[in-house]
Amino acid sequence: MAEFTDQIRQTFDFHRLVFRIGELSSMTGVSARQLRYWEKKELIASREREDGQQARVYTFKTFIKVSMMKYFLDAGYTLAGAAKQAQAREENVKHIHRFVSTGMKGFAMIDNQMAINLGAFDDTQTLMALLPDDGPIHYKLLPNDEAQRLTDASRV
DNA sequence: TTTCTTACA
DNA sequence: TGTAAGGA
């Protein structure tokens, strides 16, 4: 169980994932020149030197933003316009993430099936979503203490 | 090899 | 924005 949870956590742990300018460039189709220019314009806050080197490092978050800006740029927006649009979407992503992370209390294995703890159903019961390898998702109510015991306390 | 800054096209 | 120069 802990193994599975670790896998999930790693999958969602983008914080440690960083890119160099050449990598980000080929990933997004935005030239290194543009990336440096955008940075100077403060459209992307991606100057993060972790080590003593003077090479830029970009976070996954920046990758997302650059990708969005590229999208809007291709759609005909000006650079400033694209940045604004990307910023707006980024806010949405924050809200969605908050919603999801609030709703998901953790993972569990029930009857040998992957399950997600969706939180309190009422004062005594917790709602669990059971996800079989194949077939439809179904739900199950467990006493709070049992749900608590089965759930690996990890957050995404 | 890759990235950095500066400067010119 | 692309590209060249000259270092790191």
Side-chain angles (χ1 to χ4, degrees), chain A residues 1-110 112-120 127-137 147-156:
Chain A
M1 182 55 219
E3 210 172 299
F4 169 70
T5 299
D6 282 344
Q7 203 173 325
I8 293 291
R9 186 183 294 123
Q10 280 179 32
T11 302
F12 287 91
D13 183 17
F14 300 115
H15 303 293
R16 294 177 53 194
L17 209 52
V18 292
F19 314 102
R20 295 174 43 164
I21 198 167
E23 297 171 321
L24 185 61
S25 177
S26 57
M27 287 163 69
T28 59
V30 176
S31 72
R33 173 76 157 91
Q34 285 176 297
L35 292 173
R36 295 191 187 100
Y37 181 68
W38 294 3
E39 178 182 313
K40 194 168 68 178
K41 286 282 185 179
E42 296 184 312
L43 297 178
I44 53 177
S46 35
R47 206 191 228 299
E48 289 185 11
R49 308 172 188 176
E50 36 152 50
D51 48 14
Q53 295 304 304
Q54 56 177 54
R56 290 175 177 75
V57 169
Y58 298 95
T59 63
F60 188 85
K61 182 182 172 183
T62 301
F63 161 63
I64 297 297
K65 182 159 188 180
V66 171
S67 297
M68 288 194 288
M69 285 178 65
K70 168 67 173 172
Y71 172 81
F72 290 114
L73 224 42
D74 289 345
Y77 283 85
T78 62
L79 182 56
K84 190 174 181 180
Q85 289 298 318
Q87 183 60 46
R89 311 289 160 146
E90 211 164 69
E91 292 302 315
N92 287 339
V93 171
K94 279 182 190 171
H95 294 145
I96 291 172
H97 181 267
R98 192 162 66 84
F99 175 77
V100 172
S101 63
T102 304
M104 228 168 5
K105 302 302 182 185
F107 299 96
M109 290 300 280
I110 298 177
N112 218 27
Q113 291 177 67
M114 188 204 313
I116 297 177
N117 182 327
L118 293 174
L127 180 63
M128 304 294 289
L130 275 57
L131 290 65
D133 290 333
D134 49 8
I137 296 175
Q148 179 73 39
R149 181 171 56 77
L150 291 175
T151 301
D152 188 86
S154 65
R155 307 303 296 266
V156 173

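The sequence lines fix the lettering, A, B, ..., with proteins before strands; numbering per chain opens at 1. No hydrogens, no waters, no symmetry mates; every other heavy atom, side chains included, goes into these values.
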Distance, rounded to the nearest Å, where A:Glu39 contributes CD and B:dT5 contributes P: 8 Å
Between C1' on B:dC4 and CG on A:Leu24, what's the gap in Å once rounded to a whole number? 16 Å
Donor-acceptor under 3.5 Å (A:Ser26 side chain, A:Glu23 main chain): yes
Would you indicate which nucleotide in C:dG2, C:dT1, B:dT3 comes nearest to any side-chain atom of A:Trp38? C:dT1
Would you tell me if any nitrogen or oxygen in the side chain of A:Arg56 comes within less than 4.0 Å of OP1 or OP2 on B:dT5? yes
State which residues pass side-chain contact (heavy atoms from CB on, under 4.5 Å) with A:Glu39; sequence neighbours excluded, sorted by chain then number. A:Ile44, A:Ser46, A:Arg47, A:Arg56, A:Tyr58
Does B:dC4 have OP1 or OP2 under 4.0 Å away from a side-chain N or O of A:Arg36? yes
Out of B:dT2, C:dT1, B:dC4, minimum distance to the side chain of A:Leu73 belongs to C:dT1
Does the side chain of A:Arg33 get closer than 4.0 angstrom to OP1 or OP2 of C:dT3 through an N or O atom? no
Hey, where does DNA chain C pair up into stems, meaning at least three consecutive Watson-Crick or G-U pairs with distances under 3.5 Å? B:4-9 with C:1-6
Is any side-chain heavy atom of A:Tyr77 less than 4.5 Å from a side-chain heavy atom of A:Leu79? no
Could you check how far OH of A:Tyr58 sits from P of B:dT3, rounded to whole Å? 10 Å
Between A:Ser25 and A:Val30, is there a donor-acceptor pair closer than 3.5 Å when you use the side chain of the first and the backbone of the second? yes
Do A:Phe63 and A:Thr28 touch side chain to side chain, with heavy atoms closer than 4.5 Å? yes
Side chains of A:Met128 and A:Leu130: closer than 4.5 Å at any heavy-atom pair? yes
Given atom CD of A:Glu23 and atom C1' of B:dT1, what is their separation to the nearest angstrom? 13 Å
A:Lys40 has an atom NZ; how far is it from atom P of B:dT5, in whole Å? 10 Å
Return a table of donor-acceptor pairs under 3.5 angstrom between the side chains of residues 80-90 of chain A and protein atoms on other chains or two or more places apart.
{"from": "A:Gln85", "atom 1": "OE1", "to": "A:Arg89", "atom 2": "NH2", "distance (Å)": "3.4"}
{"from": "A:Gln87", "atom 1": "OE1", "to": "A:Lys65", "atom 2": "NZ", "distance (Å)": "3.1"}
{"from": "A:Gln87", "atom 1": "NE2", "to": "A:Glu91", "atom 2": "OE2", "distance (Å)": "3.2"}

Using atom CD1 of A:Ile21 as one end and atom C1' of C:dT1 as the other, report the distance to the nearest whole Å. 14 Å
